[in-house]
Amino acid sequence: MSLFTINCCSSYCWEHRPVQKLLTTQSNEHSSCTICLENVEQVPSYHVLRGPCCKTSWYHRDCLQHQALSAGLFFFRCTVCNDRDIFQKEMLRMGIHIPERDASWELEENAFQELLVRHQRCDVRKCLCRNGRDYNVPESKWEIVRCQCCGSSGTHIACSTVAQVNQAWECAECRTYSCSPVKRSRITSVKWSETLDNSGLDAEQPSPKCRRRSRKSFLLKHVQIQRPVSDILQDLKSQINKPRFTIEVQSKSLLNSSLRCFRRMCFSPCNTLQIKVIDERRLPDLSLVNYFKLLLDAIQNSNLFEGSESKTLSLNMNALNEDLYYEAGRMVAVALVHGGPAPSFFSRTLFYCLIYDSHHVQPILEDVADPLILQAIVKIQSCQRISQLKAITAHYLDYLQNTGTLPLVQTLSDKSILVKNILAYHVIHRVQQPLERFKEGLKTLGVLENIQKYPTAFWSVLCMKPEKLTAKALSDVFTITYHRSFRQAQQNNAIRHWEAYLGDTEG
């Protein structure tokens, strides 16, 4: 049978459409869709399909269709047993469209170009090279050698216990795992509760070194040894070794006056900084911490970002033309390394876009700041009948066609695809250029690289608002114990005095 014949599917009405038979040995238990890993009932229906080859795989129709459109005819196969012929024949019979083209990841230009890049940076905690961590001179003590296990960390020969170039070296992370040809065990001190999942980020349990590229695992990183963000920033602060530079600011236009200083040819992020206020009122000079607090507040409230508390990037063409997104990223990086306060205004979606490929990040409704777009999404989500969904789709047809977010609307369940498309376009794809420039600015002093390497540590710095210290929170820190000579009345008086003291100091 030719490939053309395989793709020729018949059309059926709803009454005479093909159905999958329920096996007699089959129970009505719940299983997991082997693509999205969400629960699926083991009963064949229009929205739930069973794999024809291994009989143990269950799928959502939407998941299968997305998989088919991405994998194409040559890579679409059973996710459990890897069968292609029987699997494709059954899926075509059940109405899954399989395009006759190569997989989407094979069509992307230079998709695997980064595999040709070798790591060339000294990553040990204290680099001894005066010329910087990127300095590399072959066949000398300043040659960079890479970890023999992961290849993604490096060290100068002089910065570690490497006697010669051909000697094997392992980074600190790889040394925590005992490797053998039979088994790889994980040390007990590393807990999964201490990984990204602890900070509200989605996490599963992949192999310590290998990431499984499934639909959900685009947002996964391998488990890593936790480092306090203070230690990371202290290492980055070692780059500040150039002469003193004075930033002259005006309190009424702090962001613009700072921008002029940052763009001077003589300015370097490695300069030692001091702040001078040049207002007419001759106010006293700001401390560096107070200056960066005001600067981050000005960036947060500028037209580069949108949202109430948790901010996402906005689309401002004037700012894009003036490259203000790059400058904002550079200012945030400089503030972090030079001892400024935590920004604490990044949204979860913006943070994900910094550490992962933005095309695989799914925004949420709270990321939408435009009231008209928000109203359209809420209307689509509230549809209870297919006629309502088609009517609303027709109402917003021009917008959906212009933005490329219009799917084929056939059933009521298609509204979820429509909402995902609108969210992805409005929050991420629409601001792709500002996002890339912002990330380029964050690369200053190696900040973005460390955000991607230690996302858990930077999550609390970039996204979490500082909690207000209350009397109850402070009392929970202490455990009250009494001397054995204390009577009950004395114990009660001590507790009342302690609680009154905390209550007085809370304000």
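Note that the numbering runs from 1 along the sequence shown for the chain. Quick caveat, the model's predicted, so the values are computed rather than measured.
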* Any chance you could lay out the salt bridge (charged side-chain N to carboxylate O under 4.0 Å, His left out) test for Asp123 and Arg133, step after step, and finish with the verdict? => CA-CA 7 Å; Asp123 299 305; Arg133 294 180 177 270; 5.7 Å; no
* Do NZ/NE/NH1/NH2 and the carboxylate oxygens of Arg437 and Asp323 come within less than 4.0 Å? ->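 Between Asp323 and Arg437 there is a salt bridge, with a charged N closer than 4.0 Å to a carboxylate O.
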* Please determine if Arg121 and Glu449 form a salt bridge, counting it only when a charged side-chain N lies under 4.0 Å from a carboxylate O. =>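 Looking at Glu449 together with Arg121, the answer is yes, because their closest N to O distance falls below 4.0 Å.
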If you take all heavy atoms of [X] and [Y], which pair is closest and at what distance?
X: Ala158; Y: Leu128; result: O-CD1, 3.4 Å
X: Gly132; Y: Cys127; result: O-SG, 4.4 Å
X: Glu170; Y: Cys149; result: OE2-SG, 3.5 Å
X: Phe345; Y: Leu296; result: CE2-O, 4.1 Å
X: Leu255; Y: Ile299; result: CD1-CG1, 3.9 Å
X: Val427; Y: Val368; result: CG2-CG2, 4.2 Å

Does some side-chain heavy atom of [Y] sit less than 4.5 Å from a side-chain heavy atom of [X]?
X: Trp142; Y: Asn136; answer: no
X: Phe245; Y: Thr272; answer: no
X: Asp102; Y: Phe75; answer: yes
X: Ser258; Y: Met331; answer: yes
X: Tyr425; Y: Pro363; answer: no
X: Pro99; Y: His97; answer: yes
X: Cys78; Y: Cys54; answer: yes
X: Tyr291; Y: Leu254; answer: yes

Do [X] side-chain atoms and [Y] backbone N/O form a donor-acceptor pair below 3.5 Å?
X: Ser344; Y: Met464; result: yes
X: Asn271; Y: Leu273; result: no
X: Ser314; Y: Asn303; result: yes
X: His156; Y: Tyr135; result: yes
X: Glu306; Y: Lys311; result: no
X: Asp357; Y: His360; result: no
X: Ser287; Y: Asn290; result: yes
X: Asn450; Y: Gly446; result: yes
X: Arg101; Y: Leu73; result: no
X: His338; Y: Pro269; result: yes

Quiz question: by atom type and distance under 3.5 Å, do the side chains of [X] and [Y] form a donor-acceptor pair?
X: Ser57; Y: Thr34; answer: no
X: Ser257; Y: Gln250; answer: no
X: Ser310; Y: Ser347; answer: no
X: Asp62; Y: His60; answer: no
X: Asp367; Y: Thr349; answer: yes

Rounded to the nearest 0.5 Å, what separates atom [atom1] in [X] from atom [atom2] in [Y]?
X: Arg264; Y: Glu248; atom1: CZ; atom2: CD; answer: 5.5 Å
X: Cys353; Y: His359; atom1: SG; atom2: NE2; answer: 9.5 Å
X: Cys33; Y: Ile35; atom1: SG; atom2: CD1; answer: 5.0 Å
X: Ile144; Y: Ile157; atom1: CD1; atom2: CD1; answer: 10.0 Å
X: Leu448; Y: Leu354; atom1: CG; atom2: CG; answer: 6.5 Å
X: Lys439; Y: Tyr325; atom1: NZ; atom2: OH; answer: 15.5 Å

* Please step through side-chain contact (heavy atoms from CB on, under 4.5 Å) for the pair Gln120 and Arg146, ending with a clear verdict. => CA-CA 8 Å; Gln120 292 286 351; Arg146 284 162 290 280; 3.3 Å; yes
* Asked: For atom CD of Gln433, is the number of surrounding heavy atoms from other residues, nucleotides or ligands below 6.0 Å larger than 12?
  ->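 It does not: Gln433 CD has 12 such atoms or fewer within range.
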* **Worked check of side-chain contact (heavy atoms from CB on, under 4.5 Å) between Thr456 and Trp459** => CA-CA 5 Å; Thr456 308; Trp459 165 261; 5.7 Å; no
* To do: Apply the test side-chain contact (heavy atoms from CB on, under 4.5 Å) to residues Val124 and Cys171: give CA-CA distance (whole Å), side-chain angles for both, the deciding distance (0.1 Å), then the verdict.
  => CA-CA 8 Å; Val124 296; Cys171 62; over 6 Å; no
* Asked: Can the ring centres of Phe438 and Phe305 be said to be less than 6.0 Å apart?
  ->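 Yes.
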* Taking the six-membered ring for Trp and the full ring for Phe, Tyr or His, determine whether the centres of Phe76 and Phe87 are under 6.0 Å apart. =>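 Ring-ring flag for Phe76/Phe87: true, centres closer than 6.0 Å.
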* With sequence neighbours excluded, what pairs up with Asp85 under the salt bridge (Lys or Arg N to Asp or Glu O under 4.0 Å) test? ->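 Testing Asp85 for salt bridge (Lys or Arg N to Asp or Glu O under 4.0 Å), a comparison that skips the adjacent residues, returns none.
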* Asked: Considering residues at least two apart in sequence or located in another chain, which fulfil the salt bridge (Lys or Arg N to Asp or Glu O under 4.0 Å) criterion with Glu440?
  ->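 Result, salt bridge (Lys or Arg N to Asp or Glu O under 4.0 Å) vs Glu440: Lys443.
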* Asked: Passes side-chain contact (heavy atoms from CB on, under 4.5 Å), Leu336 versus Val229? Steps please.
  -> CA-CA 10 Å; Leu336 285 172; Val229 69; over 6 Å; no
* Just say parallel, tilted or perpendicular for the rings of Phe267 and Phe262, cut-offs at 30° and 60°. =>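 Rings of Phe267 and Phe262: tilted, as their planes differ by 30° to 60°.
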* **Ser358 and its side chain to side chain donor-acceptor pair (under 3.5 Å) partner, picked from His429, Gln432, Glu436** =>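 Single side chain to side chain donor-acceptor pair (under 3.5 Å) partner of Ser358 among His429, Gln432, Glu436: Gln432.
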* Can you run down the side-chain hydrogen bond (donor to acceptor under 3.5 Å, both in side chains) pairs that involve residues 231-243, sequence neighbours left out, and say none if there aren't any? =>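 Of all non-adjacent pairs touching residues 231-243, those that pass side-chain hydrogen bond (donor to acceptor under 3.5 Å, both in side chains) are Arg227-Asp235.
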